**Q** 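The structure follows.
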Protein chains: 4
Amino acid sequence: MRVRDDTKINTIFEATTALTSEVGLNRLTMSSIAQRAKMACGTLYIYFDSKERLLNELYMHLFVGSTLSILPSIGHLPLKKQLSIIWSKVLWFRVTNSSEVIFMHQFRYSVYASEETHKLDDQFVGFIKNLLGQGKEELIIKNIDSDLIIPLFYGYANNLARQMAMDEVEITDEIIDQTFHLCWDAIKS
Amino acid sequence: MRVRDDTKINTIFEATTALTSEVGLNRLTMSSIAQRAKMACGTLYIYFDSKERLLNELYMHLFVGSTLSILPSIGHLPLKKQLSIIWSKVLWFRVTNSSEVIFMHQFRYSVYASEETHKLDDQFVGFIKNLLGQGKEELIIKNIDSDLIIPLFYGYANNLARQMAMDEVEITDEIIDQTFHLCWDAIKS
Amino acid sequence: MRVRDDTKINTIFEATTALTSEVGLNRLTMSSIAQRAKMACGTLYIYFDSKERLLNELYMHLFVGSTLSILPSIGHLPLKKQLSIIWSKVLWFRVTNSSEVIFMHQFRYSVYASEETHKLDDQFVGFIKNLLGQGKEELIIKNIDSDLIIPLFYGYANNLARQMAMDEVEITDEIIDQTFHLCWDAIKS
Amino acid sequence: MRVRDDTKINTIFEATTALTSEVGLNRLTMSSIAQRAKMACGTLYIYFDSKERLLNELYMHLFVGSTLSILPSIGHLPLKKQLSIIWSKVLWFRVTNSSEVIFMHQFRYSVYASEETHKLDDQFVGFIKNLLGQGKEELIIKNIDSDLIIPLFYGYANNLARQMAMDEVEITDEIIDQTFHLCWDAIKS
DNA sequence: GATGAATGAGTTTTCATTCAT
DNA sequence: CATGAATGAAAACTCATTCAT
């Protein structure tokens with residue numbers, strides 16, 4: 001019997017991200033994914049119930065891999081260090097995986113994004129909110145509603161990465177440093 | 001084609017923004033636009049060559065109305081004041097026109113966005129870049145590559161507005177003040 | 001403007017019945033209907049929401065045309081005469097519209113048949129039940145549960161018509177007479 | 001192919017009849033049969049060349065089991081008795097095996113039914129025709145073309161059984177008696 | 001024999017665009 | 001100009017059948 005091959009899921013994911021970054025989410029079709037992944041159209045449906053599920057699972061996979069996975073391991077570090085690590089991690093991922101970022105960006109606000117997916121984001125946002133709350137108590141960070149601060153990090157990271165990907169600028173530690181300092185100066189009290 | 005009947009064009013634009021914010025760009029169809037605008041499907045093609053043109057013209061219309069239009073009139077003011085006015089203007093527009101912002105956001109990186117449209121953005125970015133260059137010469141602003149600064153403003157504004165629209169938070173002068181100060185603290189030298 | 005052409009619905013109905021009798025309900029596709037009706041595939045969806053609706057509306061159309069339409073006009077006649085007219089009407093229709101009957105037969109118990117459609121049948125059955133009830137009161141008809149009698153008429157008519165259509169036997173008044181007498185002898189008291 | 005493993009074949013047959021009565025012939029898929037029969041999709045093809053063959057063999061199996069098998073053993077009985085036994089046998093089978101009857105009914109006139117299958121029916125019909133011929137010679141039965149009589153039995157039995165199955169009415173000897181008398185009164189001279 | 005993953009032709013349905021009125 | 005019926009290519013998804021294990 002042909003064994004169910006879990007690397008196939010990765011092949012599908014790769015084909016999907018690559019195609020989305022090339023032609024956009026709107027022109028992404030199941031048959032084009034299949035063609036790119038070198039398998040039959042029907043095979044996609046063995047691994048995913050529908051196009052919607054495929055995209056949602058890909059998003060969750062990327063989101064977990066890019067950000068959620070580091071959160072637990074840095075809880076003991078000082079606040080600024082934690083933020084700086086997250087910033088670096090997020091930026092590195094975003095810049096070195098430009099196709100993936102383009103996919104995430106287009107998917108994020110598309111009709112395909114499910115409740116479940118949005119909750120992942122909330123989880124991340126919740127963590128950051130917590131961090132900022134701490135910082136405010138310690139009087140390190142300006143006493144401003146976190147909902148006004150988070151979009152700065154979030155929007156800046158997204159936009160910066162997208163811009164760099166489009167201009168084909170390579171990321172350096174210096175750039176990460178500089179941009180993090182902008183953020184830090186913005187929020188430090 | 002394209003006779004000036006601004007009433008009709010506005011009706012089409014309003015229908016398009018409203019629908020996009022309700023069902024998303026992916027599910028936006030020409031006949032749904034026509035239906036919402038209370039006209040026939042074919043009438044849309046009297047005013048716009050194609051769906052792509054319609055969307056691009058709408059984007060340009062919104063972009064000019066929301067930002068580009070203020071730029072010339074404030075050139076004589078001091079740097080920080082100029083930035084603050086632009087910030088306020090942009091944010092007000094984004095928050096008080098949430099449908100429009102959702103449309104712009106979804107359209108901005110979609111397959112529909114043409115070269116021409118991207119150049120509009122560049123025009124705006126060029127203006128800001130200029131401003132920042134001035135600031136750096138006057139040693140008011142950190143000496144950092146403007147391409148690293150602009151995404152902060154751009155991304156922050158976009159994200160903040162989208163978040164506020166979704167949470168149905170009302171904008172106040174205080175919020176504009178607070179958020180602008182975050183930005184300013186980030187870049188001031 | 002092209003005017004919405006209601007004869008088109010008949011064209012579609014005819015194509016559908018003809019095709020069903022030729023290839024069966026299972027191989028009946030929307031594109032084959034469109035092709036046979038000499039119109040585009042999408043045109044079908046202007047007149048019918050879905051394949052299911054098309055089939056249901058066709059069934060109702062045929063059912064009403066073939067049986068339901070005569071019921072009201074014969075209420076004043078004596079019982080046996082009424083039954084005999086219905087029998088004749090049903091049989092004539094079934095035999096002279098063999099494609100239609102094949103469609104109705106295949107559709108009747110298919111997955112496509114909706115609640116609404118079944119209710120039509122009930123309406124007809126209800127009428128006959130009433131008639132039989134009268135007959136029993138007048139002691140003309142055997143005092144047997146109507147649910148045991150109706151399938152005789154219903155099943156016999158269906159089967160006889162189908163058989164005659166397949167054997168390409170022509171119907172005659174004599175045949176109608178003979179077969180009705182079988183039925184009548186079966187139920188008369 | 002087609003090794004005799006009757007246990008497995010029966011499992012497949014049961015799964016097929018059950019599923020057909022639940023979802024209809026149109027939604028009956030090979031993989032759903034396999035799933036219900038708790039075996040792999042490919043296994044079905046060890047026992048049957050194709051879906052069409054499977055269905056035809058099932059029909060023949062049911063037909064033989066339900067009717068054909070009794071014919072030889074009653075040839076010596078008087079005409080009315082023979083008919084009455086067949087009626088009883090047929091009705092009992094149809095009512096106590098409602099899934100099977102639904103399958104037979106849906107299959108009977110579907111695209112899947114092969115020549116071979118139709119010949120089975122002819123065999124049964126031929127036997128009955130013979131019987132009726134006898135009856136006419138003995139002047140017990142009306143002198144009417146048998147092709148006009150058989151559909152009465154055939155259609156009545158089918159329809160009655162289907163109706164009772166749907167209404168979940170239990171069959172009794174009384175019902176069999178009553179309905180047979182209807183038939184007999186119809187044809188007796 | 002048995003499995004079930006893989007195939008890909010075929011199905012229903014959508015929708016940007018055209019065009020007769 | 002305005003209409004909206006008509007078009008047909010293309011999309012998502014299904015499923016009988018094959019085949020590597």
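Scope of the values below: all heavy atoms of this structure, side chains included, with no hydrogens, waters or symmetry mates. Letters go in sequence order (proteins before strands), and every chain restarts at 1. What you see is a predicted model, and the numbers here were worked out from it, not measured in a lab.
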**Q** Taking only heavy atoms on the protein side, list every residue of residues 17-37 of chain C lying under 4.0 Å from any atom of DNA chain F, sorted numerically.
**A**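 Within residues 17-37 of chain C, no residue comes under 4.0 Å of DNA chain F.
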
**Q** Please report the distance, rounded to the nearest Å, between CG in B:L44 and C1' in E:dA16.
**A**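 After rounding, the gap between these two atoms is 11 Å.
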
**Q** How many whole angstroms separate atom NZ of A:K51 from atom C1' of F:dA12?
**A** 8 Å

**Q** If you compare every side-chain N and O of A:K8 against the phosphate oxygens of E:dA6 (OP1, OP2), does one of them come in below 4.0 Å?
**A** yes

**Q** When you measure from the side chain of A:N26 to the backbone N and O of B:V111, does any donor-acceptor pair fall under 3.5 Å?
**A** no

**Q** Between F:dT17, E:dT3, E:dA16, which nucleotide has the shortest distance from any of its atoms to the side chain of D:A40?
**A** E:dT3

**Q** Between the side chain of B:K51 and the main-chain N/O of B:Y112, is any donor-acceptor distance below 3.5 Å?
**A**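 A pair under 3.5 Å: no.
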
**Q** Please figure out whether A:Y45 or D:E52 has its closest DNA chain F nucleotide nearer the 5' end.
**A**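 Checking each residue's closest nucleotide, the 5'-ward one belongs to A:Y45.
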
**Q** Hey, what do you get for CE (B:M60) to CG (B:L58), rounding to the nearest 0.5 Å?
**A**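 These two atoms lie 9.5 Å from each other.
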
**Q** To the nearest Å, how far apart are C:I46 CD1 and F:dG8 P?
**A** 12 Å

**Q** Of all the heavy-atom pairs spanning A:S69 and A:G65, show the shortest one and how long it is.
**A** OG-O, 3.4 Å

**Q** With a non-hydrogen cut-off below 4.0 angstrom, is A:Y47 in contact with a base, only sugar-phosphate, or nothing?
**A**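 Touches sugar-phosphate only.
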
**Q** Which is more 5' along DNA chain E, the nucleotide nearest D:C41 or the one nearest B:C41? Just name the residue.
**A** D:C41

**Q** Using the closest heavy atom to pick a nucleotide of DNA chain F for each, name whichever of A:Y112 or B:G42 lands nearer the 5' end.
**A**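 Its nucleotide being nearer the 5' end, the pick is B:G42.
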
**Q** Let's go through A:L54 and A:M30 carefully: what are the C-alpha distance in whole Å and the side-chain angles of both, what is the deciding distance for side chain to side chain contact (heavy atoms under 4.5 Å, CB included) to 0.1 Å, and is it a yes or a no?
**A** CA-CA 10 Å; A:L54 194 168; A:M30 289 302 263; 4.1 Å; yes

**Q** Do B:N97 and B:L62 come within less than 4.5 Å of each other through their side chains, counting heavy atoms only?
**A** no

**Q** May I have all residue pairs that pass ring pair (Phe, Tyr, Trp, His ring centres under 6.0 Å) and include part of residues 13-54 of chain C, sequence neighbours excluded?
**A** C:F13-C:F48, C:F13-C:H61

**Q** Please, what dot-bracket string fits DNA chain F when only Watson-Crick and G-U pairs with both distances under 3.5 Å count, crossing ones use [ ] and pairs to another strand use |?
**A** .||||||||||||||||||||

**Q** Okay, side chain of A:S32, backbone of A:L28: is any donor-acceptor separation there less than 3.5 Å?
**A** no

**Q** Do C:T20 and C:F107 have side-chain heavy atoms sitting under 4.5 Å apart?
**A**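 Sidechains of C:F107 and C:T20: no contact.
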
**Q** Both D:T43 and A:T43 contact DNA chain E. Which one's nearest nucleotide lies toward the 5' end?
**A** D:T43

**Q** Counting any heavy atom closer than 4.0 Å, what does A:K38 reach on the DNA or RNA strands: base, sugar-phosphate only, or nothing?
**A** nothing

**Q** Rounded to whole Å, please give me the gap between CG in D:L55 and C1' in F:dT17.
**A**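 Atom CG in D:L55 sits about 15 Å away from atom C1' in F:dT17.
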
